[in-house]
Amino acid sequence: MGIPRPMNTSGSDGVRVGIAPVVTPPIAVSGLRAALFAWLYVRAHGGTLVLRVADAQGPRIRDELTSLLLENLRWIGIDWQEGPDVGGPHAPYLTSRRVDHYRDGAQRLLDDGIAFRCFCTPEEIEARAQKEKRGRSSQKPTGHRCASISAAEAERRARAGARTFVRLRGDACGRVASDDVVRGRIFVEPPAEAFLVDPDGAPFDGFASAIDEVTMRIDVSFRDDESMPETAVQIRVARALGLSVPRIAHVGEIVGPDGARFGKRHGAATAQSFRRLGYHPRALANFLVALSWSHPDGLERFDPATLDRDFARSPIRREPAVFDFKALNRISAQTIREESPDFLLDRVYPYLLEGGFIDEGGDRARLREVVAVCREHLSCLSEIVKYADIFFGETFIEVKERKLLKRESSRQILVAFRERVERMSDLDAEGFRRTITEVQGATRATRETVLLTLRVALTGQTAGPDVSDVAPVLGPRACAEKVERALHLAHQS
RNA sequence: GGCCCCGUCGUCUAGCCCGGCCUAGGACAGCGGCUUUUCAAGCCGUCAACACGGGUUCAAAUCCCGUCGGGGUCACCA
């Protein structure tokens, strides 16, 4: 059946799709995925992606955090037609700069007796929340003492300079229905006496959405499903103010192998951390989308940017999805393998530099060879450092692998190889193959054993790049040295 | 604890809305094999699921009810 078609309330320029990621905490895979789906939705149906950044809460107006967020969204491949950086007819697109827009709405809610002023300090609120948590109150806690202060009295105190939160009255917090784009009809309920505006006039997410998504003429709003309570607040507020509510798409959550929401305890969950590790952005996008959406043609690998109308042919699944690193690594490895050595070289360079393997402005031709050899074995670009020692340092040979070198047969292989390679001025793939055959003949070892022994001597690992690829890049001299050292190590321990 | 969401192979899913074509299909992982230049990649094969219990029906993964399980949320900050 696919995804329901959008209701276009905004004229001929197509559907207006909104996302409103928060600036802190840093955007994680779930937020990234909600944004990705919004972007795909726009591409499939034609329209405008409107990016509104929720930067009003927490550390206020932190420009670096905002640009980091935009960078991360762009990194994964998303682009938007209206947003803080590109502007648009409904600017500004930062909630911190829209405080004026919220004041009227809040005042009207207050006047109409739908909201009340709460004079409690953050400490008092915190203490109360703790107590409720401990008491495991079964009753919905309503009737907060501030709620019973008369409106006139509350206004007087507020005008006298008291710092207040604006909160939704308990009787306005009942559950409401929403026809969700991914879930169908759902029922949601705002938290008891939900917070709308803080003492500095900064809106809480649901309240900001109620106002902004109407003024920005959003038709469909994508968000991750943790924000369902905020959606409830949005609907309640909008209803009270006589405003419309866009269709909302709650994208299902991403959980770890233990079933708990994928987050810190599973390691890196932020966009930034995947970026730092050097995952291929297209692969991460592919992976995240495929977590809850299957290609109508059964493809498992696809470039989200080329999906276009195909995206609308298949529905977004609502069930929680398990973040499977193996699957991500596989997709990322495949994608990396398809990139040219030059493309990879530029991206791998910082890791080598940072690891102290190379100096600024190193030999590009040699680096390209190294990258070409390692390319098949990278799940993410930072893994290059696992292999960097082979080419740029002293090969480290694991104790476990040294056992192999201790054998008399291994010694014979290494000696035979060294003798030959020492006499060579150049070592290409063909020369290496020939040499191996000679060594094989001289030692009467199997080809497999010869290769494995040399692999350990030259790379220090039993997995990783092929010896037959590594040796030519190292050249005869370095090969001889590494073998010499391996022989030495074998005798030591 | 209140409220909400979710429940098909280990994982991602197809099927569910519109009951029969489902002795439940695919992919990935796992396992086995082939590629005999090793690890990896690639190719071939194989294992494996409708959470449970009631109902409705000639017929249920598909509809209804209940139970169980998992998760989310309950100001901000973390």
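Here is the naming used below: chain letters follow the sequence lines, and residue numbers restart at 1 for every chain.
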Sugar-phosphate only, base, or nothing, as touched by V467(A) at under 4.0 Å among non-hydrogen atoms: base
Plane angle bin for H295(A) and F302(A) - parallel if under 30°, tilted between 30 and 60°, otherwise perpendicular: tilted
Of the listed nucleotides C39(B), U73(B), C5(B), the one nearest the side chain of F187(A): C5(B)
Whichever of L452(A) and I186(A) has its nearest RNA chain B nucleotide further upstream toward 5': I186(A)
Between A40(B) (C1') and L451(A) (CG): distance, integer Å: 14 Å
Separation of atom CG in L288(A) from atom C1' in U11(B), rounded to whole Å: 15 Å
Sugar-phosphate only, base, or nothing, as touched by A327(A) at under 4.0 Å among non-hydrogen atoms: nothing
Parallel, tilted or perpendicular: ring planes of F343(A) versus H280(A), cut at 30 and 60 degrees: parallel
Rounded distance in Å - CZ (R301(A)) to C1' (A29(B)): 17 Å
Aromatic ring proximity F311(A)/Y41(A), centre distance under 6.0 Å: no
side-chain N/O R175(A) vs G2(B) OP1/OP2, d < 4.0 Å: no
P-based separation of G54(B) from C16(B) [nearest Å]: 26 Å
Separation of atom CZ in R185(A) from atom P in C6(B), rounded to whole Å: 14 Å
Whether F204(A) and F195(A) hold their rings parallel, tilted or perpendicular, with breakpoints at 30° and 60°: tilted
Any Q334(A) side-chain N or O less than 4.0 Å from OP1/OP2 of G42(B): yes
Rounded interatomic separation in angstrom, taking CG from D225(A) and C1' from G70(B): 13 Å
Sugar-phosphate, base or nothing in reach of G298(A), heavy atoms under 4.0 Å: nothing
Ring geometry between Y387(A) and H377(A) (parallel below 30°, tilted from 30 to 60°, perpendicular above 60°): perpendicular
R330(A) side-chain N/O to A29(B) phosphate OP1/OP2 under 4.0 Å: yes
Under-4.0 Å side-chain N/O to phosphate OP1/OP2 contact, R318(A) with C6(B): yes
Options U38(B), A27(B), G72(B), nucleotide nearest the side-chain atoms of D466(A): U38(B)
Separation of atom CG in D258(A) from atom C1' in G70(B), rounded to whole Å: 11 Å
Among C3(B), A27(B), A75(B), the nucleotide that comes nearest once only the side chain of E189(A) is considered: C3(B)
Distance-only donor-acceptor test (3.5 Å): side chain T453(A), base U38(B): no
For the student: nearest non-hydrogen atoms of A115(A) and L196(A), plus distance: CB-CD2, 4.1 Å
Interatomic distance, F287(A) CZ vs C28(B) C1' [rounded to whole Å]: 11 Å
Sugar-phosphate, base or nothing in reach of S468(A), heavy atoms under 4.0 Å: base
Earlier contact from the 5' end, RNA chain B, for E230(A) and E253(A): E253(A)
Sugar-phosphate only, base, or nothing, as touched by S292(A) at under 4.0 Å among non-hydrogen atoms: sugar-phosphate
Spacing of the P atoms in G66(B) and C50(B) (rounded, Å): 23 Å
Closest to the E319(A) side chain, choosing from G72(B), U38(B), C6(B): C6(B)
For atom CZ of R163(A) and atom C1' of A75(B), their distance in whole Å: 14 Å
